[in-house]
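Lettering follows sequence order; numbering is per chain, from 1.
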Amino acid sequence: MPKPRVIYWFRTDLRLHDSPALKAALDLKPEVLYPIWCWDSHYVYRSRVGVNRWQFLIDCMNDVSQSISKINKKSQLYVLREPAVTLLPKLFKAWEITHLVFEKDTDAYGRDRDATVIESAKEAGVEVIFRSGRTLWDSDEVAKANGGKPTMNIKQLQTAGEKVGEIEPPIETPKSFPDPGELKLDFDQTQPEPTPDMNEKYRQNDEGSYNGGISGPKNDFHPPTLEELGLKPATTPHRGGESVILERLNSILSDEQYTGTFEKPKTSPAAFEPQSTFLTSPYLHFGALSCRYFYHRVEEIVEKRRKAKKPVSEPPTSLHGQLLFRDMYFAAQAVLGWSFGQTYNNSHCRFIPWHLPSKVDVSTKLVTGDYEVDDEEKEKQFKRWAEGRTGFPWIDAIMRQLRQEGWIHHLARHSVACFLTRGGCYISWERGAEVFEELLIDHEAACNIGNWQWLSCTAFFAQFYRCYSPVAFGKKWDDNGDYIRKYVPELKDLPKKFIFEPHKAPIQDQKKAGVVVKGDGSQEKEGDVAMYPKPMLDFNEARDVCLQGMKQAYHVGLYGNSPKVLDGSWKQLFDDSGEGPTEGEQGGPGGMLSFEEADGTEEDGHHPATPQKSKGGAVPGSPKSTRGRKREHSQGTLDGAFTKSAKK
DNA sequence: TCGTTTGTTGCGCCG
DNA sequence: GCGGCGCAACAAACG
């Protein structure tokens, strides 16, 4: 029997410690082991990825590459510039691969991609091994233990988790690493279709990460640089990497009192330098930190304190409670798949007639990535929210910290999410989730989507009368407004009395502080004087309107997959004078006057009759129509529709 | 009854 | 007497 020739395919598991999948690869005792990363066009073009998350990803890749080299200087992380679905079949042949090993992915996109890869491995006679490693428990097993239903609260998750069994103890970091084999690249590079490019607006130059061939312009298999991606330098102070977080974790956990009595709701969203929590989330996202390793390290400390009869915190507010919520969202996503990320056709998301609803493609039942502007004023409010110029300093400080640093405290996320949706603007949570997707360095699809549904009271949470005030909530944590002074520097010299409501400051006070409160934020200066906008809405008034709207929507009681939502007839159930795009009886399912029509209704009527499982669109060679303004849906595109092929 | 993380008011207490 | 602070009660009302 010849010895195995193995590809270890790194994805969101950029670590060497506690990796069940990596252990499975090493247990094969391979003759050669290729640790690779496939440069995925879904991430490059079809997901919203801001520059700060790119930086963090590249940090994590470089770090794991160095760690591999430290164990075996002949090896490294080999970054190959082609999407996995086209690249892997070629590598199987060129490198005479016998086994492909990777960590299981439960994201809807990841599952579709992996299904395609597994299929091609089968055809090539390559054995595929994958292990769950991204969550405390295998999300599919949790879902099964929960009766095949999404876990919608923490109790369900805990009960299901207990049924699945003990959380696996951490696996040691490997001490040796097999050599890679010869890196033959005697095949053409298939270049992915660069349009639609969801990140076009952030690029200062053309995206060029596929231009230097499969091994990169220096032929060293290094990750692409931000310049190659056409992006400006990152602005975040947070840096990625397994070695960074493992070291920091030791210093976090050395404070046993902090670790053992941690209660999330008691940590301040306004704290900076240092923050009140320890930013493990981006490392968890890229897999630079194992959640099980983290869990067990915390549990060890809590157990020690329990035995010593010292006070300890308990889930859900404790540190391990935070990890349980993460698993809850993963398990819910594992059941609902693509529909988890949208309202339309989501069986567990309440339907609310939000402003700026997503456009949907009724043939696939998926959102297109575009949205309907039902009201120009709401579009303007959305832009002002996203850019941090609402005229509410607390909201603006949070949104500016998010844009600049890529991380904001959990309660800060609550505050701005409530404000955009049910507690202020009555704008679709899907718009907010997209902005977070772009800007967060810790963006985890399952958690981001879950939290937006939570805050908008469309799933997981329902007490919509509990509404965050953009003034009072911030004051509770930061009476002096230091957080605002840091992130909205044009207000830094305003007296404490007006820092949360600068429009109430008399002209003399504004003058003294060197700021004029005026306009809508589109102008930064008036002459030499800094400008800060007036509030874009009357909060008390807006909150009442939202509350009425929520009450009515709850009373109507529709969900994303209700027949009347699917066909657009929901409007008949809403009062025309209510908030949101409720007017008229005609319109698309997203709610508006127009919507994305199904493919092939005109000239070429050969679109599959049952497009629900969009498998057809996922396989190379069956490109979807991109005629006119029509876009492929934002979440669903595989790296399948290739038109461009270039020689290496 | 309770739910990880509301806002406001009013009371007692302290200086 | 009064302002500031911390805390408890309450408001509104979901599944």
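Between A/Glu430 and A/Lys359, no side-chain nitrogen of the basic residue sits less than 4.0 Å from a carboxylate oxygen of the acidic one, so the salt-bridge criterion is not met.
Stem regions for DNA chain C, each three or more consecutive Watson-Crick or G-U pairs with both distances under 3.5 Å and listed by first number, read B:6-15 with C:2-11.
A/Lys497 pairs by the salt bridge (charged side-chain N to carboxylate O under 4.0 Å, His left out) definition with nothing, not counting sequence neighbours.
Once you apply a 4.0 Å limit to the heavy atoms of chain A, the touched nucleotides of DNA chain B run 5' to 3' over B/dG3 to B/dT8.
Residues A/Trp394 and A/Ile499 form no side-chain contact, since every pair of their non-hydrogen atoms from C-beta on lies 4.5 Å or further apart. Taking 4.5 Å as the limit, every side-chain heavy atom of A/Thr261 sits out of range of all side-chain heavy atoms of A/Val312.
In summary, of the residues considered (A/Glu405, A/Arg400, A/Arg403), a side-chain hydrogen bond (donor to acceptor under 3.5 Å, both in side chains) with A/Tyr487 occurs for A/Glu405 alone.
The backbone N or O of A/Glu377 sits less than 3.5 Å from a side-chain atom of A/Asp375, completing a donor-acceptor pair.
Between A/Phe419 and A/Phe539, the ring-plane angle classifies as parallel under the 30° and 60° cut-offs. The aromatic rings of A/Phe325 and A/Tyr329 are tilted relative to each other, their planes meeting at an angle between 30° and 60°.
Looking at heavy-atom distances under 4.0 Å, A/Ser469 makes contact with sugar-phosphate atoms alone, never a base. Base engagement by A/Gln322 is indicated by at least one non-hydrogen atom pair under 4.0 Å involving a base atom. A/Phe325 comes within contact range of at least one nucleobase, with a heavy-atom separation under 4.0 Å. Using a 4.0 Å heavy-atom distance criterion, A/Trp454 is classed as a base contact.
Between the P atoms of B/dG3 and C/dA12, the separation comes to 23 Å (whole Å). Here, B/dT4 and C/dC7 have their P atoms 23 Å apart, quoted to the whole Å.
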Protein proximity profile, nucleotides 6-15 of chain C - base contact B, sugar-phosphate-only contact S, no contact -, cut-off 4.0 Å on heavy atoms: ------BBBS
Quiz: residues 459-476 of chain A side-chain donor-acceptor pairs under 3.5 angstrom, not counting sequence neighbours:
residue  : atom : partner  : partner atom : Å
A/Tyr468 : OH   : A/His414 : ND1          : 2.8
A/Ser469 : OG   : A/Val471 : N            : 3.1
A/Ser469 : OG   : A/Ala472 : N            : 2.9

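Residues A/Phe351 and A/Tyr344 keep their aromatic ring centres 6.0 Å or farther apart.
Every pair passing salt bridge (charged side-chain N to carboxylate O under 4.0 Å, His left out) that includes a residue from residues 263-273 of chain A is listed here, sequence neighbours excluded: A/Glu263-A/Lys266, A/Glu273-A/Lys486.
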